[in-house]
Amino acid sequence: MKKILKDINDSKKIFKDMGMSKWREVGMGSLKKGDRFRIYSKSGRPLELGGEETLIVQSDACMIDGAWAVEIRPTAL
């Protein structure tokens, strides 16, 4: 089952794993297949999927109905 995540511009922050325990804030449109990332609400709470905070991009970002979207999966799968 595919899980698609769309950027809905609701003040969530996306952080990409840059390696060596470093995370950098990025836009959804810059995510590429294989990237590891996390999403946080503006209150600082992490988005979880399947009990995991870190997600893996399964497809390069693309536009769907005028918003950036990526196919994702939790790192535990």
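- V26 and I72 fall within the same hydrophobic cluster, where Ile, Leu, Val, Met, Phe, Trp and Tyr residues are linked whenever their side-chain heavy atoms come under 4.5 Å apart, directly or through other members.
- Rounding to the nearest 0.5 Å gives a distance of 11.5 Å between CD1 of I14 and CH2 of W68.
- Scanning both residues, W23 and F15, for their nearest heavy atoms gives CE3-O, 3.4 Å.
- Counting heavy atoms from C-beta on, the side chains of F37 and D17 never come closer than 4.5 Å.
- For the pair S59 (side chain) and V70 (backbone), a donor-acceptor distance under 3.5 Å is absent.
- Distance check: E25 CD to S30 OG gives 10.5 Å after rounding to the nearest 0.5 Å.
- Although no hydrogens or angles enter the test, the distance criterion places a donor-acceptor pair under 3.5 Å between the side chain of D60 and the main chain of K33.
- Under the 4.5 Å side-chain contact rule for hydrophobic residues, L47 and M28 share a cluster.
- A distance of 12.0 Å separates CZ of R36 from NZ of K16, quoted to the nearest 0.5 Å.
- Side-chain N/O atoms of T54 and R38 include a donor and acceptor closer than 3.5 Å.
- To the nearest 0.5 Å, atom CD1 of residue I56 and atom CG of residue D35 are 10.0 Å apart.
- One distance of note links CG of L55 with CD of E48; it measures 9.5 Å at 0.5 Å rounding.
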